[in-house]
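Reminder, nothing fancy here: chain letters follow the sequence lines and each chain counts from 1. Computation of the quantities below employed the complete heavy-atom set of this structure, encompassing side-chain atoms and omitting hydrogens, waters and symmetry-equivalent molecules.
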Amino acid sequence: MSKMIDLSKEADEFLKKIEELSGEKITSCIQCGICSGSCPMINEMDLTPAQIMLMTLLGQKEELLKSKSIWICASCYTCTVRCPRELDLSKVAEALRQVKLRLSIDRIDINKMDKADLEELPPIALVSAFRKFTG
Amino acid sequence: MRIGVYVCHCGGNISEVVNIDEVLNSLKNEHDVAFVKDHEHLCSKEGQEIIFNDIQEYKLDKITIAACSPQFQGPTFKTLMERAGLSPYLMEMANIREQSAWVHYDDHKKATDKAKELTKMAIAKVRYNEPLSKYSIDIGKRTLIIGAGIAGIQAALDLADSGIKVYLVEKDPSIGGHMAQLSRTFPTEDCSACILSPKMADVPENPNIELLTYGEIKDVSGYLGNFHITVNRKPTYVDAEKCTACGDCADVCPVELLNEYDGNLATRKAIYLPTKIAVPHSYVLDTEHCLGLNPLACGKCQEVCKADAINYDLYEEEIEFDVDTIIVATGFELFDAKEKPEYGFGKFKNVIDGMQMERIIVSSAEGNPLKDIGKKIAYIQCIGSRDKQIGRPYCSRICCMYAIKQANLLKKGMPDRDIYIFYIDIRAFGKGFEEYYNTAQENGVKFIRGKVAELMENPDTGKIIVKAEDTLNRQMIETEFDTVVLSVGIGPSKTTENISNMLKLARSSDGFLQEAHPKFKPVDTLVPGIFLAGTIQGPKDIPDTVSQASGSAARAIRLMNQGEYFFDPLLAFVDEEKCDGCGLCVDHCPYNAISMAGKTAEVNTAFCSGCGSCISYCPKDALDLHLYTNKQLLEQIKEAVINKGDEPRVLVFADDMTAYRLADNVGNAKGIYSPYSRIIKVPSSCRVTPKLLLQAFHYGADSVLILGTETKSSPYPHCQEEIERSVKIVHNILKENEISDKRLFNTTIVTVMIKKFSGIINTYTDLAKTLGPIPLEKREKLLKDLGKKIFGGSHE
Ligand SMILES: Cc1cc2nc3c(=O)[nH]c(=O)nc-3n(C[C@H](O)[C@H](O)[C@H](O)COP(=O)(O)OP(=O)(O)OC[C@H]3O[C@@H](n4cnc5c(N)ncnc54)[C@H](O)[C@@H]3O)c2cc1C
Ligand code: SF4
Ligand code: SF4
Ligand code: SF4
Ligand code: SF4
């Protein structure tokens, strides 16, 4: 069995934060799933868009920030134009990315990079890599 | 004789299963049949006009219509007959929809064969129909309403404003029912007491309403137009006219007990004001808890009452009156969550039910909360609903919405409250309900799909630990809450059993009272002149309750405004030529309708209820029943069994009140049963005589079933005893002739037993197949010396 969910104060605060950052009322989601069914990227996702909504409501921060889906969302708005509660999921994904980015976790440490690699890589690629893999 | 025969397609309902052409061909050469026609919809205006014109043009004497159940369109065609100048009783219907097309759609050939035979049975009967007329009784304008919740109040006001005299009987000391306890009402959030109290106040003001609070219906006798009512009225010991509701009495009363009105979260005294908006607005003395009046033990309240309103020397009084119609509005009972021990209701102080939360919300708004509920609150839906474990498989229809309402009100009062609603499905079906649900979501109320399995109490903090599955994402949740609210469902009020037995009303499988037809007669009952209003018929919210109450008032007014009510002439009669004046029948009518008039017996039609039980006692076949004569039933029996060929035949005598309607319900539900069965409608099971039963076997029935109404809900309580007597006689005769007595079976049923009905029919078809047909020699012997066999030597 996976771990028990505790509907703690922190869980509620996380939900509030995502609601604030996205401007979307996550508690309004009725879990109809039309977003997931409409998403062109669904095959690449580990959590479906509807799952993201529910898990955000339950404040499952850790699982959400680990998920690939929030990066895979292409902001195509297919879900958004179909959601019966007029929710904008791309904004929710963006909010989750924001939270993750703000954790400022660096995945590339320049000091640990191979010298040969450093010489070979164009500086512009390095800069993008710093940006993209931060968090 | 010229009989016009019509076969209906019912817009495919019949014709998609039954081969109509084959049916038409098989009937063309029937004796007495002038012609056979078919039509898409005989009940339509066009269909009716065809029959109307045919009657005129071809001088038809009688009509047979093969279509739906006579229960359904019978009245339409009867009216048509009258319009065409014929007696409405010269028409018979063959029920080839509910009894063939809808129940044998798995075998078109058998369905067609059965449709032919059912129509021939109807023709066989109609040949002997007589041009009877309806008979009528006078009805006045008086109504009894039982129960004064919002349903009873609304019905009373509607009736009284239309000039009807209303007796409103309420068992509690104040009217108002459950609505008087509510905070605000979904989805508009109007204050419940504020919208209810003006209506309550109108009741005693209305000159047409006689309000009898603290009253209990002791007895009801009679029938539509002439119900005789006895009410027992308990004294409150306080004169409502004098009481100023100052409360001095309660201040000195030494007895303190829990107040049911506040969900037992507060206390009251033994002398108390039932609610702040009580009508009559007076204190009442609760003798069950008062230290004692007889002999007087305390007497403090009387001493302090400045208005001199308290009088201990009062006794229960019995009030009797007559009414023409009755509306039952006895309402609902909240589910007692103690029946589900896993939720610890009554044990954990922070587990409360929905009604207690209503009272907490009201008291908090008044600045005096009954209980501290904290900030983190969970609701658990469907407690005592949708749960077969406790015999409540139905949805209570109000608890989703009241939980949403309470959550909204609690959020409004304190926006940082964290509220979770654990649900199985959210049922927001009414006008404005889905929008209101969405408002709760927008207010931040969190909905989690999954029914909480159990609750535990944290012994140190008293907080409640909730364990549930988030069934949408399949993960387990375990969390502590300050308060857990059980959204309890509702059931019929406790007094229903008593009331339904007294009024002979049927109950549906969920225990609520049953309406006459789920679609077209939702407020009528099967008893003429008795109507239903509000939650006693099934769970509903206030708007539905009020609509239904107004509906029942309108139905009652419609009936009473006609001034007279027409009955079918379902009455016993004596054939004076056959009656030899033995008088055996006289003692056997439970309604004392038979007496001797000179040399023959005579039936008093004012008393005869049409049960038909007397007929079994007449050795001369002189007693008979209009609409269901011996000859008519015999002809139907013959037509049903004589041409069976190699097939088995199960003959079913189905009583009008229950079994015949159940067969229709089985049809509506498209339940399949054996096509070898033939149903013959009788007014009651005791109309079936030993002679008819033996004739059935004689002519070729392989098994015979008699299906009737349970004694407690039957209009003829003596009926089961009578038919059991007849069945015993026939069982003995069968055994004497070495025929298995298993072939004849009598039982009672209720109109919801759809599976049971099919089960019984199939069982007896199988039995008929196993036993095989009764050999001809044995059958021949059955009718020999019949009089002696049935009546013994006593009648010469
Ligand atoms: C917690 C809760 C919250 C609710 N909130 C809402 C809401 O917000 N909006 C809404 O629309 N609905 C709400 N409802 C539903 C609403 O309460 C009912 O629809 C309504 O009260 C039904 O009225 P009634 O007259 O049928 O029954 P009741 O209110 O039960 O009235 C029946 C009356 O009959 C009396 N009685 C019973 N037996 C006898 C007898 N044998 N003889 C004489 N009198 C008898 C009873 O004493 C009672 O006064 C809520 C229900 C609950 C439980
Ligand atoms: S489409 Fe909208 S309402 Fe439906 S699951 Fe997705 S976010 Fe929720
Ligand atoms: S009974 Fe008398 S004392 Fe009690 S409330 Fe009424 S008037 Fe006041
Ligand atoms: S109304 Fe909602 S809570 Fe009540 S029984 Fe129906 S589904 Fe359950
Ligand atoms: S039909 Fe019933 S009520 Fe009528 S006379 Fe016979 S026994 Fe009496």
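Heavy-atom contacts from other residues, nucleotides or ligands closer than 6.0 Å to CD of A/E86 number 12 or fewer. Other residues, nucleotides and ligands place more than 12 heavy atoms under 6.0 Å from the CD atom of B/E342. Within 6.0 Å of NZ in A/K17 there are 12 or fewer heavy atoms belonging to other residues, nucleotides or ligands. Counting non-hydrogen atoms of neighbouring residues, nucleotides and ligands closer than 6.0 angstrom, the CD atom of A/E13 exceeds 12 such neighbours. Counting heavy atoms of neighbouring residues, nucleotides and ligands inside a 6.0 Å radius, atom CD of B/Q389 does not exceed 12 of them.
Using a 4.5 Å cut-off between heavy atoms, A/Q60 contacts chain B through its side chain alone, with no backbone atom that close. Within the 4.5 angstrom heavy-atom criterion, only side-chain atoms of A/L58, from C-beta onward, approach chain B.
Rounded to the nearest 0.5 Å, atoms OG1 (A/T48) and CG (B/N473) are 7.5 Å apart. Of the inter-residue distances, the one linking A/K16 atom NZ with B/D416 atom CG reads 7.5 Å to the nearest 0.5 angstrom. Note: B/K446 NZ to A/L54 CG = 12.0 Å, rounded to the nearest 0.5 Å. Between the CG atom in A/L57 and the CZ atom in B/F447 there is a gap of 10.0 Å [rounded to 0.5 Å]. Distance check, rounded to the nearest 0.5 Å: CD1 of A/I5 to OG1 of B/T479 gives 8.5 Å.
Side-chain contact between B/Q475 and A/M55 is present, with at least one heavy-atom pair separated by less than 4.5 Å.
Looking at B/Q441 and A/T27, their side chains never bring a donor and an acceptor atom within 3.5 Å of each other.
Residues B/E442 and A/K25 come closest through the heavy atom pair O-CE, 2.9 Å.
A salt bridge links A/R85 to B/E434: one of the charged nitrogens lies within less than 4.0 Å of a carboxylate oxygen.
Of the candidates B/D470, B/I448, B/V466, B/D418, B/I448 is the only one forming a side-chain contact (heavy atoms from CB on, under 4.5 Å) with A/L7.
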